Each structure stands twice: as structure tokens, then as C-alpha cells.
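First comes the structure, then the notes that go with it.
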Amino acid sequence: MSIEPSGIEAQIEAWRAYLQKRAALAGNDVEELEDHLRGQIGTLRTAGLEDDEAFLVAVKRVGALDDVSREFAREHSDRLWKQLVVPSRAADAWLSREFLVVIGLAIAAAVSVKLPELFGIHLLEENLAYPRNASLFVLPWLTGYFLWKRGASLALAAALVPAFAAAALFANVYPFEAEAHTEVLTILHLPIALWLVVGVAYAGGRWRDHALRMDFVRFTGELAIYYALIAFGGGVLTGITVGMFEAIGLNPEDPVLGWLLPCGAAGAILVASWLVEAKQSVVENMAPVLTRLFTPLFVATLLTFLVAMLWTGERIERDVLIVFDLLLVVVMGLLLYSISARESEAPPDLFDWMSIALLATALVVDVVALASIAGRITDFGFTPNRIAALGENVLLLAHLAGSAVLYLKFVRGSTTFERVERWQTRYLPLYPVWAALVVVLFPPLFGFE
């Protein structure tokens, strides 16, 4: 029995769109499942059910969408890696156009890396001009990609340009002293500050939309995965290339270090971003596996580190504090990625308790780090590094504590997981704001030392 055009068509269209995002389902698979669904709906309508009721029952009979996708993935696992880079026929025209845009932007980023040499600044020289400007070689082009992809207005693009202009100004006009700590802080914090600008472009200007901000968190994690894969492959290729040239008596060190690595690293960020956008469903299949694998490992690592520190009774020195902060940043990133990859409607499970354990352990580490930073300030006075570290650890402490409280309420059933998500998206902008303050205020406050 055919189904007349009605409100049910919109429901079927949404169902089909969801299925088409699943990596293991090809176009013919979706059509076959849709035919089956329509047949079920027709049978149920004949039996007297209303359209909405018929649709819900038919979907239930066909099977839960994730279960259907999972079953197809098991039967057609060979498709997953093929679809990582091979577009479907329906998307050929769109992807080829977008791919050309991305390749053009990637080339522009690679060329940007070499532009300072026109002003006598060389990459292999011992100065920090290149690291200070590293984010400015790539992030404006990445922002442009998202503005183009989202069809953003010229007004939005014009509003974001001053942020990059100001970043270039503060990175290059300040008279930093030789080996200045504030210069190193600028190198570390400028990309964090500018990542917020990329996020605004990613959201098409609708940065207040909670769902879009969480999508940007998810994008950031997936970009890290793709970029790591590209970097690994590029490292292997570079090693083979160097070995081949050395085998015939040529030294490829300058071309590799001066051109191949920096230009390739810049362009790869654009390519990785396109892969996330074009093949998001592939990473969605990997994300739950990665988070469930590494969360317990990080819990064990942090606990072992704390026990070892207490056992030895050693005072926490500067190098240990740096390790602490790096661990906390990685843990926070892992938690954010796991939260963004989790289904909001799913009930609490063992993994949620594991996430709470990770939060609790990270909180203890952060308190220990804060106590050590406060002790060093009391003993040796204020320095830009200590104040920057203090601010960042205070931000992390509040973030971790709020996340732990809300997560605990969720597993106890007194709040929804959406509140846990909203806490992340509302809090995250504080990090780039603090980073911007470090870049702008710290150099003059500490005499550019």
C-alpha cells in the first residue's frame, strides 16, 4: 500500500537522514531499509493506526537505528576504512568542490609558513618569531573554511578579522627580551585564544547555541584523531624519504626541516578538518572505543603517580608541575571528548562511574599542583610562569569540581546528562579568555621578561 504525502514523510526523511550518516550503510542499504519501513507503515495503517503511531511501531519493528547500523558494520566492516576517504556517488560533486577549496586553503597555509622569509626571518634560525606566529599561519585559513562552509555573512567574517589582526600585533610588536618567559607564554597561549575565533566560525556565528558548541568540542577531539593519523603517516613517509636520499649520498635535512615538515604540518590541519566534516560518522564509531579504552588507563596512571609521589615524599619541583599540568589538560580533553560522544538519553552505566573516578583523581592532582604553585610563589615570589600556571589550575579546579558534582547527580538520577554537557559548553570559553589575558597583559606587566 502506498503512503500518501503527509506529515509522516517528514518523519521518514529524518529517519533516512540519520541512517545515511552511519558509516557502514551504503545508499542501496538505506533504500532497502526504507522500503521495509514503508511496507510496515502501510500494513499498520491498514490495521487502523494513525500515522505517528504507525511510524513509531514500524521503526521499532525494523530495529533501533544504532542496532541496525552496528549489524551492517559487522557484516560490511570493509566499508568503514574505504569510506574514510572515498565519497559516495551522491556526494561526489559536492565533495569534489569542497575538496578543491580545502586543498587551496591548505596550500595557502603552507605558503604562509614561508612568508616570513621574505622579511629575513628564517625557520631554522634560533629565534622565536616562527613559534609566536605559528597559529597565525593556519587558523585564519581554517576560520575561512568554516565561514565558507557555513555560508556565513560578510558581517561575521569582518567581525572576526580584528581578532587575528590583534593577535598578529601582540605577537610581533611587543619588545620581548632574549629568552623572555612572557614570550614563551605568548607562544603557548595565543593558539588557545584564537581557537575561540575558530569556534565562532564553526558555529556560523551562532556561538550561543549549546548544541553547536558541543559539536565544536566533538570536532576538536576528532580533529586531534585525524591529525595524529596524518602525522603518523607523514612521519613514516618522511623517514623513508630521508633514508632514500641518504642512501645515495645526499643530505635532505634542510629541505625536510625547512619545507616538508612545516608546510606539511600546516596544510594537514586543513585536510584533517575536512576529513572530520566529510567523514564524521567514521570517527563517531571510533570515539566510544577510544574514550572507554583510555579513561581507565588515565585513572590508573594518575593514581599511580600520586601514590609514587607520596611514597617518595619528594617536593614537587617545576618539571613535575609541568607534567602535572600536561596530565590535567589531557584528562580534561579526554573527559570533554567522552561527554561529547555520549548519548544524552542513555541511562548511567559503569563507564559513567569510571568518568567520575577520573574526575575525582584529577581533582586531587589539581589540588596538589595548586598547593605546590602557592608554595613556590611564597618561597620565590611572583613570576609570569607561576601566575599563568596558578590561573590555569584555578580554572581547571572549578571546571573539574563542577563536572564531578553534576556527573554524580546524573548517575544518582537527580539531574539529566544535558546539564553535564551544558556546564562544559558554558565554561570552556573561560580558557581562551584567560589565554588572551596572558598574551595581552602579562608581557607589559612583567617588563617583557
Side-chain angles (χ1 to χ4, degrees), residues 17 91 93-113 115 133-173 186 189-224 226-227 266-280 336 340 421-422 424-440:
W94 176 75
L95 282 178
S96 61
R97 179 186 174 211
E98 182 173 349
F99 183 68
L100 290 175
V101 170
V102 169
I103 291 301
L105 292 172
I107 292 173
V111 171
S112 298
V113 173
L115 285 180
N133 290 278
S135 56
L136 295 170
F137 299 144
V138 178
L139 297 188
W141 303 109
L142 183 58
T143 301
Y145 167 59
F146 285 126
L147 291 173
W148 172 82
K149 185 172 176 62
R150 304 291 187 258
S153 64
L154 289 176
L156 176 60
L160 298 182
V161 168
F164 289 107
L169 182 69
F170 289 115
N172 295 286
V173 173
T186 296
H189 289 79
L190 189 60
I192 300 171
L194 291 178
W195 197 243
L196 180 61
V197 183
V198 177
V200 173
Y202 179 92
R206 295 181 293 149
W207 181 247
R208 293 188 178 184
D209 189 313
H210 156 72
L212 289 174
R213 282 182 291 171
M214 185 52 72
D215 284 344
F216 185 62
V217 172
R218 191 177 298 111
F219 163 81
T220 303
E222 293 166 358
L223 174 62
Y226 272 114
Y227 193 75
I269 293 178
L270 274 299
V271 175
S273 299
W274 168 75
L275 285 172
V276 173
E277 288 288 287
K279 299 299 174 185
Q280 187 176 12
L336 286 170
S340 70
E421 291 180 326
R422 286 186 178 275
Q424 315 306 322
T425 57
R426 288 171 179 169
Y427 196 93
L428 281 174
L430 294 179
Y431 292 104
V433 169
W434 171 253
L437 291 175
V438 172
V439 170
V440 175

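All of these numbers come straight from a predicted model, not from anything done at the bench. Sequence positions, counted from 1, serve as the residue numbers for this chain.
Looking at His210 and Arg426, their side chains never come closer than 4.5 Å, going by heavy atoms from C-beta outward. The shortest side-chain heavy-atom distance between Leu336 and Leu428 falls under the 4.5 Å cut-off. Side-chain atoms of Ile192 and Val438, non-hydrogen and from C-beta on, never get closer than 4.5 Å to each other. With contacts defined as side-chain heavy-atom distances shorter than 4.5 Å, the pair Leu139/Val197 does not qualify.
In terms of heavy atoms, Leu190 sits closest to Ala171 at CD2-CB, 4.0 Å. For the pair Leu136 and Ala168, the tightest heavy-atom approach, listed with the atom from each and the gap, is CD1-CA, 3.5 Å. Contact detail for Thr186 and Pro191: the closest heavy-atom pair is O-CD, 4.4 Å. Of all heavy-atom pairs between Pro140 and Ser135, the closest is CD-O, 3.6 Å. Closest approach of His189 and Ala435 over heavy atoms only: O-CB, 3.4 Å. Of all heavy-atom pairs between Arg422 and Thr425, the closest is O-OG1, 3.1 Å.
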>> Test side chain to side chain contact (heavy atoms under 4.5 Å, CB included) on Leu194 and Thr143; report intermediate values, then the result.
In response: CA-CA 10 Å; Leu194 291 178; Thr143 301; over 6 Å; no
>> Using the rule given for side chain to side chain contact (heavy atoms under 4.5 Å, CB included), can you reason through Val200 versus Leu156, listing the C-alpha separation, both sets of side-chain angles and the distance that settles it, and then say yes or no?
In response: CA-CA 9 Å; Val200 173; Leu156 176 60; 4.1 Å; yes
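Rounded to the nearest 0.5 Å, atoms CE (Met214) and CG (Asp209) are 11.5 Å apart. To the nearest 0.5 Å, the span separating OH on Tyr227 from OG on Ser273 amounts to 10.0 Å. From Arg150, atom CZ reaches atom CZ of Arg206 across 9.0 Å, with rounding to the nearest 0.5 Å. A distance of 9.5 Å separates CG of Leu142 from CG of Leu147, quoted to the nearest 0.5 Å. If you take CG on Leu223 and CD1 on Ile269, they are separated by 7.0 Å, rounding to the nearest 0.5 Å. Atom CG of Leu270 and atom CG of Leu275 lie 11.0 Å apart (nearest 0.5 Å).
With Val102 as reference, Trp274 is the one residue of Trp148, Trp274, Trp141 to meet the side chain to side chain contact (heavy atoms under 4.5 Å, CB included) rule. If you run ring-ring contact (aromatic ring centres under 6.0 Å, His included) between Phe146 and each of Tyr202, Trp207, Phe216, only Tyr202 comes through.
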